[in-house]
Structure formats: C-alpha cells, structure tokens
Amino acid sequence: MRFSELLAPTLREVPAEAEIASHRLMLRAGLMRKAASGVYTFLPLGYRVLKKIMAIVREEMDAAGAQELMLPIIQPAELWHESGRWFDYGQEMFRLQDRHGREFCLGPTHEEIVTDVVRSEVRSYRQLPLIVYQIQNKYRDEIRPRFGVMRSREFIMKDAYSFDRDQEGLERSYDKMYRAYERIFARLGLKTRAVLADAGAIGGDDNHEFMVIAETGEAEIVYCTECSYAANVERAEAKPEQALPPETEAPPLEAVATPGVRTIAELEAFLSLPASRMIKTLIYRADGNPVAVLVRGDREVNEVKLKRVLGALAVEPADAATVEAVTGAPVGFAGPVGLQGVKVVADLEVPQVADGVTGANKADTHWIHVQYGRDYEADVVADVRVTVAGDACPHCGGRLEAARGIEVGHVFKLGTKYSEALGATYLDETGTERPMIMGCYGIGINRTMAAVIEQNHDERGISWPVSIAPYHVDLIVINPADAPQREAAEALYEKLWQTGIETVLDDRDERAGVKFNDADLIGFPFRVVVGPKSLAQGSVEIKERASGEQHVLGVEEAIEFLRERIAPALGRGGALVESRGGHPGL
RNA sequence: CGGGGCGUGGCGCAGCUUGGUCAGCGCGCCUGCUUUGGGAGCAGGAGGUCGUGAGUUCAAAUCUCACCGCCCCGACCA
C-alpha cells in the first residue's frame with residue numbers, strides 16, 4: 001500500500017472528546033471515527049487490526065476444536081421470552097418491530113439463539129460435546145458509552161458456546177477455552193490476569209474474567225500476594241479478621257444528641273471515635289422492597305454481593321422519603337436498634353463491632369455502647385461489603401492487593417440455565433432425556449484492540465505488536481522527487497511484499513518530519529528509511545518502534561533482519577507465506 | 001435517569017459577562033513559487049444557517065425558553 005493512496009487521516013491535534021490514551025490514539029492515528037455516541041466507523045488501518053485480532057481468535061478457537069458459525073443479529077422476542085431475559089435485560093436491549101408489529105431485538109449476546117439451533121439439531125449423547133462460536137456485531141444500549149471503543153453500543157464480540165453431557169464434560173470444555181484464551185492474549189502481546197468474577201445477568205456459577213491490567217481499567221480487582229487467588233472486587237470475598245470477643249460487656253445502651261451529624265466522617269469528628277466502631281446503616285430498595293444493610297463505618301456496601309445475598313434482580317439506594325418511612329428519621333440517623341418491619345442484612349464484620357455507635361432512628365440522635373445480640377439482631381449475616389487492599393486473602397490469609405483492569409474476555413460455566421429454560425436436551429445411553437450442560441466464552445474484539453494500545457503506547461503514539469500491526473513496515477522515502485531514492489524504495493517495497501512482509505510505502509510529498517511522526521503515531525513495528533545519507537552507501541535505516549533500536553543495513557540484510565523478527569510473530573506455524581495478497585501495488 | 005460541562009468552517013479554540021464592522025485565530029485543505037533527515041517559508045484561495053426551534057429587541061453567536069446532540073462523574077456492563 002502506498003501512503004499517498006491510503007485513507008489514514010492522522011490528526012495533529014487531540015480531539016476534545018477523547019479521555020484515555022487508546023481512544024485518543026485511535027482517533028489521532030486515523031484508525032476510526034465516531035458515527036454516534038458509542039458507535040464507530042473503522043477506517044482501513046483500524047479495520048486491518050480488527051481483522052488480525054479476529055484471525056488469531058479464529059485460529060485458536062479452531063485449534064481448540066470449536067466450530068465457527070454465523071448467528072442472526074436480529075432476533076425474535078419469543079426466544080428471549082422463553083429464557084426470561086426479554087424482561088431481565090431491560091433498557092439495555094435495542095428493541096425493534098417489523099412492519100407487522102412483531103418484536104425483535106438486536107442481539108446483545110447469543111445464548112438464546114444458539115441454544116435454539118442446538119436444541120433442534122442435537123438429540124443424542126453421540127453428538128456431544130459440541131463447541132460452536134461466532135465473531136459478530138452485538139448491540140447493547142449502554143447507559144453511558146465511554147472511552148471510545150472500550151464501552152460502545154455496537155461492538156464485535158467472539159462468543160463460543162459449549163454443550164456437554166455432564167459436569168465433567170463442561171469442566172473439560174471450560175478448560176480448553178480457558179487455555180485457548182491464554183494463548184490468544186499471549187499472541188496479542190497482552191499481559192492479562194484471569195480473575196474470579198460475578199456472573200451478572202448471564203447467570204451460572206464458576207466464571208473467570210481475563211483482565212488486562214491497566215490504570216484506565218473500569219474494573220477493580222484484588223489479588224493475593226501469597227497465593228494465586230485473584231478476583232473482581234464485585235466478587236472478591238471479604239472474610240472478617242479473627243476478632244477477639246469483647247473482654248467486657250459494653251455499658252448499657254445510651255442515646256447521645258448529635259445535632260446535624262449525618263455522615264460517618266462527621267460522627268468520627270463529633271465523638272472522637274474511629275469509623276470502625278460505627279455501624280453504618282443504609283436503606284436500599286431490592287426489587288422495590290426496602291432493606292436495611294449494615295456495614296462497619298469504614299466499609300462500603302458491595303451492591304453486587306447484596307443482590308446475590310437477597311436473590312434480587314436489582315438493588316438501589318432508597319430515596320429520602322423511603323428512608324424516612326422505614327426509619328422514622330431523616331437521612332443520616334438510621335440504625336438497626338428497634339428497627340421494625342424491614343429486612344436487616346448485616347455484613348460479617350458487624351456482629352464483631354463491640355461497643356458500637358449507630359443511628360437511633362430519631363433526628364439528631366445516635367446510640368452508643370451498641371452490642372450485637374443484646375441490642376439488635378440481623379435477619380441475615382453475610383459478606384456484603386467491598387473487599388479492599390489489605391484485607392486477608394480468603395484462601396490463604398495472605399495480604400490482598402488491588403489493581404485496575406480492562407475486561408477483555410469472560411468465560412462462564414452456565415450449567416443448565418438456558419438448556420432447561422429453552423429445552424435443550426439430549427438422550428443419554430439409557431434413553432433418558434437430560435439437559436445439556438452449557439458454557440459460554442466471550443472476547444470483546446474492539447475492546448481488546450483498545451487494551452493493546454493501552455499497554456503499548458508512548459507519548460509519540462501507538463506501538464503495535466507485530467502480530468496485529470496494521471502493516472509490519474513503514475517504508476519512508478525521504479524525498480520521493482529524487483529518482484535514485486524513489487527507485488531504491490520501490491525496489492525494496494516489492495521485495496518486502498514478496499517476502500510476505502506487509503509494507504506501506506510512504507511516498508507522500510511531505511517533509512521527513514511529517515512522515516516520521518505519522519510512523520510513530522500509527523505505530524508500525526518497523527520503520528525503514530531510504531534517504532540520501534544511507535543510500536550513498538547502498539544501505540537503508542531500520543528503526544524498531546518498541547525499543548527505538550536503530551540499524552543501518554544493506555538491502556538484502558535489511559530484508560533478512562525484518563523477516564527474522566516478523567515471521568515468528570505470525571500464525572501458528574510462524575512461517576511467512578510468499579504472498580502478494582492484499583497488495584494492489586504489484 | 002441524577003449531577004457537572006460543552007455545542008462557533010474538517011480538527012483545536014477565542015468571541016457571549018457589557019446585544020450593534022465579531023464572524024475571528026491556530027492547525028488542516030486547495031493553487032503557485034521556494035524548500036525537503038523529526039509536524040517548512042512566502043503569496044494567494046476555498047470553506048461557517050454560530051446545534052435546532054420559538055421568543056425578547058430597531059438589532060441576537062451574544063439575552064430567555066424548549067428541544068436535540070456530545071463529553072465527564074454515578075447507577076449498568078464485555
């Protein structure tokens with residue numbers, strides 16, 4: 001490809017809308033443009049990267065025995081009614097009607113539709129196990145699209161679905177996919193970490209998220225410094241430290257006037273007591289019903305855990321009117337003592353708070369010397385707080401650390417949730433009808449692209465790993481008006497393509513600085529310069545983007561140098577194909 | 001949806017408080033000449049219903065209201 005013919009509109013200035021590096025660079029390097037909030041057009045360079053990511057995913061899926069198919073994006077509502085998710089998915093689903101008023105959605109995910117095919121076509125244990133996958137656009141009407149392609153409303157996702165006869169089969173399928181994921185992300189040049197995660201609306205039990213560790217990640221994870229435990233904070237268990245029982249019984253309950261003291265911080269200052277002695281009482285609405293949630297004053301409620309503990313579809317903080325109705329006091333003075341007519345959920349740490357402080361359900365008043373068991377009790381005591389760095393590892397007791405991550409992949413053991421809802425069954429050897437045991441395995445393709453940029457960029461631009469670079473080499477002619485330079489570059493350009501090295505020939509009538517800056521911005525792994533300096537000795541200059549390493553080599557040595565470094569990163573076999581594919585210039 | 005902010009040539013912005021030669025600047029784009037190893041110089045040029053619609057006024061980019069779009073924080077999630 002000649003740069004002069006390439007649609008690669010690089011931007012000198014930073015678009016105001018972009019906040020994080022990958023978003024900025026994807027716009028600046030001319031990889032994509034926004035069409036609407038959370039909807040993007042991919043330009044030639046960006047699309048090449050996407051195609052390469054998809055190719056790697058495809059190779060590894062195929063190698064793991066998964067079969068690719070194509071599923072409809074427009075899906076009938078009936079299937080979603082069968083699984084119950086037409087309602088559960090809520091506002092996030094793009095819904096539409098055909099001219100007859102029949103309801104459809106743009107598939108946000110494809111469990112229903114794939115289960116539908118499999119239930120009609122697979123009947124016998126002899127046809128199992130089966131793993132199928134698709135790489136297609138999915139649609140979610142995100143509440144708030146952000147960070148460019150990181151959270152968009154239209155996105156490409158690879159989803160694989162496994163169908164097994166039994167739990168052992170599922171374990172094998174899950175393991176296959178898990179290992180395929182490790183290979184995929186390694187080939188993409190990503191450092192990832194698999195963490196235990198919450199299953200969310202998809203449902204199911206065991207699941208792991210593949211996280212790219214990055215400051216800009218939306219997810220917070222914790223990991224143990226001593227063992228292999230790692231989990232999304234939504235899911236991470238928070239075991240209370242072993243507390244000694246109070247040596248003496250707390251003094252009797254006593255009310256203190258706390259005028260205008262509503263927050264934990266204000267209470268700490270007012271009473272000169274640490275937040276860990278306080279019992280924070282929050283009123284939530286769980287599927288509409290009020291619930292009181294107790295955590296230690298220095299802790300936060302984890303709503304995902306709360307949802308799970310309550311078996312609720314949605315939990316949200318109650319509004320002020322509800323709080324007053326439930327507690328009989330304005331916001332800021334809620335407490336469990338004497339609280340009536342509402343379910344009370346206490347975090348595991350709460351009963352251990354000896355001689356505590358809490359709201360008295362009366363304006364400007366708190367109780368002190370509060371004791372669990374003596375003064376109040378909870379209906380449920382469970383882990384409902386946010387795990388934080390410094391907590392004890394639930395497996396080995398070691399210290400947990402926190403980090404942020406970008407979720408690029410997610411593997412789930414679904415079990416029979418969909419196969420039972422949709423009647424995906426098979427007959428076993430004895431002729432007994434059994435539900436298939438399912439798993440599903442997703443990779444966000446565009447998000448992965450952004451994650452690669454987050455991990456591979458500097459102040460000058462992107463630095464693509466060879467495996468997914470839009471082109472391997474940017475061949476710059478310093479002055480294309482100079483015949484010897486131009487001819488030498490043209491000759492090298494053809495040889496590189498013949499060697500299978502994807503090369504852009506920057507033949508633009510631009511100053512050298514413009515070309516160098518574009519090369520750095522777009523992030524070609526190698527830059528080759530043909531200019532008067534080296535040409536005098538019959539040499540060319542090679543610069544590696546990632547390391548900055550430079551070499552001046554003869555033409556043949558240069559080709560060999562590039563071949564050695566580029567070939568291993570390509571394909572499972574690692575061999576360059578003699579090819580002119582995709583190259584209109586020859 | 002709640003909170004905050006922003007919509008002025010392709011991009012980045014000024015102008016708005018104090019209505020009236022304020023439709024302007026930088027980059028980009030086009031033409032010519034000169035340049036050519038890290039985003040060139042000179043000269044000329046194209047391009048804007050100032051988000052949309054009402055309203056106030058002799059007069060609106062500027063004031064008022066409504067709507068639309070976009071960005072950031074939160075709830076949701078791959």
Side-chain angles (χ1 to χ4, degrees), chain A residues 9-20 23-24 27-28 30 33-39 88-93 108-110 137-159 197-202 207-212 217-219 232 234 284-285 301 303-304 307 313-317 319 405-412 440-448 450-451 460-461 476-482 485 506 508-521 527 529-535 541 543 550:
Chain A
T10 55
L11 262 28
R12 193 176 290 200
E13 296 187 71
V14 182
E17 68 189 55
E19 196 77 357
I20 62 169
H23 188 194
R24 269 199 309 270
L27 294 171
R28 281 197 60 211
R33 289 292 184 261
K34 183 174 68 180
S37 179
V39 181
D88 290 357
Y89 235 100
Q91 296 286 100
E92 224 164 281
M93 192 146 65
T109 177
H110 288 67
N137 281 4
K138 311 225 172 183
Y139 297 83
R140 293 184 193 169
D141 193 0
E142 289 288 341
I143 286 173
R144 179 145 96 86
R146 69 182 112 178
F147 300 145
V149 101
M150 208 67 100
R151 173 161 306 282
S152 52
R153 298 194 292 176
E154 175 178 78
F155 54 97
I156 305 172
M157 201 150 125
K158 184 284 297 182
D159 256 326
D198 182 69
I202 294 182
N207 70 98
H208 287 88
E209 288 169 337
F210 283 78
M211 292 286 190
V212 172
E218 288 189 87
N232 190 311
E234 289 178 347
Y284 276 87
R285 294 189 80 93
V301 173
E303 294 182 7
V304 173
K307 209 191 289 189
L313 277 176
V315 299
E316 54 178 1
D319 55 31
I406 300 165
E407 182 187 353
V408 288
H410 204 156
V411 291
F412 296 87
C440 80
Y441 317 90
I443 292 179
I445 303 289
N446 346 40
R447 178 183 279 192
T448 297
R460 309 194 64 81
I476 293 178
V477 200
I478 292 293
N479 183 0
D482 178 57
Q485 282 180 52
D506 195 343
R508 292 176 299 171
D509 182 21
E510 288 284 356
R511 319 203 96 224
V514 172
K515 300 181 191 182
F516 291 156
N517 279 307
D518 276 345
D520 290 343
L521 177 59
R527 185 185 86 188
V529 174
V530 175
K533 286 181 193 168
S534 45
L535 196 58
E541 299 150 48
K543 183 172 183 181
Q550 295 203 59

* Structure fact -> The reported gap from CZ in A/F516 to CD1 in A/I478 (rounded to nearest 0.5 angstrom) is 3.5 Å
* To do: Nearest 0.5 Å please: distance from the CD atom of A/E13 over to the CG atom of A/L27.
  => 13.5 Å
Between [N] and [M], how many Å separate the two [atom1] atoms, rounded to a whole number?
N	M	atom1	value
B/U35	B/A46	P	28 Å
B/C67	B/U21	C1'	33 Å
B/C58	B/C13	C1'	33 Å
B/G47	B/C29	C1'	9 Å
B/U34	B/U49	P	37 Å
B/C71	B/G38	P	38 Å
B/A60	B/A23	C1'	13 Å
B/C73	B/U64	C1'	29 Å

Using modelled atom types only, decide if a donor and an acceptor are shared between the side chain of [X] and the backbone of [Y] within a distance under 3.5 Å.
X	Y	result
A/K138	A/K158	no
A/R153	A/D141	no
A/N446	A/I156	yes

* Asked: For A/E17, which contact category applies under a 4.0 Å heavy-atom criterion: base, sugar-phosphate, or nothing?
  -> sugar-phosphate
* Counting any heavy atom closer than 4.0 Å, what does A/K34 reach on the DNA or RNA strands: base, sugar-phosphate only, or nothing? -> sugar-phosphate
* Asked: Could a donor-acceptor pair under 3.5 angstrom be found where the side chain of A/E13 meets the base of B/G26?
  -> yes
* Structure fact -> Expected string for nucleotides 37-45 of chain B under the B/S/- scheme (protein heavy atoms, under 4.0 Å, primed atoms plus P, OP1, OP2 as sugar-phosphate) is BBBB-----
Could you tell me the Watson-Crick or G-U partner of [N], where both distances fall under 3.5 Å? Say none if there is no partner.
N	value
B/C25	B/G12
B/G38	none
B/U64	B/A54

* Asked: Choosing from B/U36, B/C72, B/A75, which nucleotide comes nearest the side chain of A/F147?
  -> B/C72
* A/H410 side chain: which of B/A78, B/C70, B/C72 is closest? -> B/A78
* Could you give the CE-to-C1' distance, from A/M93 to B/A78, as a whole number of Å? -> 17 Å
* **Short side-chain N/O contact to B/C71 OP1/OP2 from A/R146, under 4.0 Å** => no
* Can we say A/E541 and A/K533 salt-bridge, meaning some charged N sits less than 4.0 Å from an Asp/Glu carboxylate O? -> no
* To do: Could you say whether A/S37 or A/E234 is positioned toward the 5' end of RNA chain B, judged by the nucleotide with the nearest heavy atom to each?
  => A/S37
* Asked: Are there more than 12 heavy atoms of other residues, nucleotides or ligands under 6.0 Å from atom CD of A/Q91?
  -> no
